[in-house]
Enquirer: 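Dumping the structure here so I can ask a few things about it.
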Amino acid sequence: MHIIVDGYNLIRHSDTLRQAEMKSLEEGRNALIRSLAGYRKLRGHRITVVFDGWVGGSPTEERDLAGGVEIIYSRLGEKADEVIKRLLGKGSEESLVVTSDREIATFAARRGKTAIASAAFDALLEQSAAGYFPADASGAENGNDDDATRRARGRSD
């Protein structure tokens, strides 16, 4: 599975990451990348995080890799949303997009991809950081676990 993360959207929907971002934009990004790298190590999913570079970024799209997480900064004049849509349109691998942006979630659904709200995925990141994936953390023992949550956890039951 390929998890595609709307970087600033997730940061701004997470109390922990938002606090890091208050120190500096770079600290917020680094905290997110560390968290995603830890999740990737535990779950084994391919993860790409996309950040906006459209206002003060480079004239070309920039890519990096940290902790096994692919990092993309959109080029000057292009929003991260466009990069995410491009990634969702490529290939046939199973993809999960992490965003609370309704437009991106709808775009993903129209292409047969799954979206999970940033706050819900943040809860999974917090649980993984604590090494805690109990069935009852999201109502799974009551049968309330949705497909996106099961996929984000790496389960397909």
Side-chain angles (χ1 to χ4, degrees), residues 1-54 56-58 61-75 78-91 93-105 107-109 111 113-134 137-138 140 145-156:
M1 176 188 310
H2 184 195
I3 300 174
I4 302 168
V5 179
D6 186 348
Y8 290 128
N9 186 278
L10 178 52
I11 289 171
R12 299 200 175 117
H13 283 88
S14 165
D15 291 337
T16 304
L17 298 172
R18 198 170 46 247
Q19 286 177 3
E21 185 189 39
M22 288 171 55
K23 294 175 187 171
S24 75
L25 200 56
E26 182 178 9
E27 183 55 36
R29 287 190 304 260
N30 289 339
L32 173 58
I33 292 164
R34 282 191 303 271
S35 184
L36 292 172
Y39 187 83
R40 184 193 158 284
K41 186 176 181 181
L42 287 172
R43 309 311 289 171
H45 299 304
R46 177 178 166 214
I47 300 177
T48 301
V49 61
V50 183
F51 294 107
D52 276 318
W54 75 284
S58 171
E61 183 176 288
E62 293 186 2
R63 292 176 177 250
D64 201 357
L65 188 67
V69 175
E70 181 182 16
I71 305 159
I72 301 175
Y73 296 93
S74 67
R75 65 179 169 78
E78 181 179 44
K79 293 188 177 189
D81 296 9
E82 298 308 313
V83 175
I84 293 168
K85 288 176 183 178
R86 200 168 56 240
L87 291 171
L88 288 170
K90 286 183 179 178
E93 87 181 298
E94 184 178 3
S95 297
L96 172 73
V97 64
V98 177
T99 187
S100 292
D101 184 310
R102 193 175 311 237
E103 181 183 340
I104 296 173
F107 183 90
R111 276 142 190 86
K113 310 297 184 182
T114 303
I116 184 172
S118 291
F121 191 76
D122 182 55
L124 293 175
L125 289 176
E126 295 282 336
Q127 291 170 357
S128 71
Y132 185 68
F133 278 99
S138 65
D145 208 9
D146 66 16
D147 287 346
T149 302
R150 283 195 301 276
R151 285 188 191 123
R153 285 191 180 141
R155 297 184 358 222
S156 60

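Here, residue 1 is the first one in the sequence, and each next residue gets the next number. All of these numbers come straight from a predicted model, not from anything done at the bench.
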Enquirer: Quick one: CG on Asp81 to CZ on Arg86, what's the gap to the nearest 0.5 Å?
Expert: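 Output value for this atom pair is 12.0 Å.
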
Enquirer: Compare every heavy atom of Glu78 with every heavy atom of Val83, then report the nearest pair and how far apart it is.
Expert: CG2-OE1, 3.7 Å

Enquirer: For Ser100 and Asn9, work out which heavy atoms get closest and say how close.
Expert: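 Residues Ser100 and Asn9, closest heavy atoms: N-OD1, 2.9 Å.
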
Enquirer: In Å and rounded to the nearest 0.5 Å, what is the CE to CD distance from Met1 to Glu93?
Expert: 9.5 Å

Enquirer: Going by an N to O cut-off under 4.0 Å, is there a salt bridge joining Arg46 and Glu94?
Expert: no

Enquirer: Show your reasoning for whether side chain to side chain contact (heavy atoms under 4.5 Å, CB included) applies to Thr99 and Phe107.
Expert: CA-CA 11 Å; Thr99 187; Phe107 183 90; over 6 Å; no

Enquirer: Taking the side chain from Arg40 and the backbone from Ile47, do they hold a donor-acceptor pair closer than 3.5 Å?
Expert: no

Enquirer: What closest approach, in Å, do Val50 and Ala80 show between heavy atoms, and which atom pair accounts for it?
Expert: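 Shortest heavy-atom separation between Val50 and Ala80 comes out as CG1-CB, 3.6 Å.
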
Enquirer: Pair Leu25, Arg29 - check side chain to side chain contact (heavy atoms under 4.5 Å, CB included), show working.
Expert: CA-CA 6 Å; Leu25 200 56; Arg29 287 190 304 260; 3.5 Å; yes

Enquirer: Would you compute the distance between atom CD1 of Ile104 and atom NZ of Lys113 and round it to the nearest 0.5 angstrom?
Expert: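 One gets 15.0 Å once the value is rounded to the nearest 0.5 Å.
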
Enquirer: Working to the nearest 0.5 Å, report the span between CG of Leu125 and OG of Ser14.
Expert: 8.0 Å

Enquirer: I'd like to check Glu21 versus Tyr8 (side-chain heavy atoms, cut-off strictly below 4.5 Å). Are they in contact?
Expert: yes

Enquirer: Taking the side chain as C-beta and beyond, is there a heavy-atom pair between Lys90 and His2 under 4.5 Å?
Expert: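 No - every pair of side-chain heavy atoms lies 4.5 Å or more apart.
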
Enquirer: Step by step, work out the side chain to side chain contact (heavy atoms under 4.5 Å, CB included) result for Glu103 and Lys85.
Expert: CA-CA 10 Å; Glu103 181 183 340; Lys85 288 176 183 178; 2.5 Å; yes

Enquirer: Would you say the side-chain atoms of Arg63 pair up with the backbone N or O of Ile72, donor to acceptor, closer than 3.5 Å?
Expert: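 Flag not set: sc Arg63 to bb Ile72 has no pair under 3.5 Å.
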
Enquirer: CD1 of Ile4 to CD of Glu70: how many Å apart, nearest 0.5 Å?
Expert: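 Ile4 atom CD1 to Glu70 atom CD measures 9.5 Å (nearest 0.5 Å).
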
Enquirer: Shortest non-hydrogen contact from Ser95 to Leu88?
Expert: CB-CD2, 4.2 Å

Enquirer: When rounded to the nearest 0.5 angstrom, what distance separates CZ in Arg12 from CG in Leu10?
Expert: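 The CG atom of Leu10 is 11.0 Å from CZ of Arg12, to the nearest 0.5 Å.
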
Enquirer: Considering all heavy atoms of both residues, which atom of Ala66 and which atom of Ile33 are nearest to each other, and what is their separation?
Expert: CB-CG2, 3.9 Å

Enquirer: Can you list the steps and then say if Asp6 with Val97 is a side chain to side chain contact (heavy atoms under 4.5 Å, CB included)?
Expert: CA-CA 8 Å; Asp6 186 348; Val97 64; 5.6 Å; no

Enquirer: Please name the pair of heavy atoms, one in Thr16 and one in Glu126, separated by the smallest distance, quoted to 0.1 Å.
Expert: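 Closest pair (atom of Thr16, atom of Glu126, distance): OG1-OE2, 3.1 Å.
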
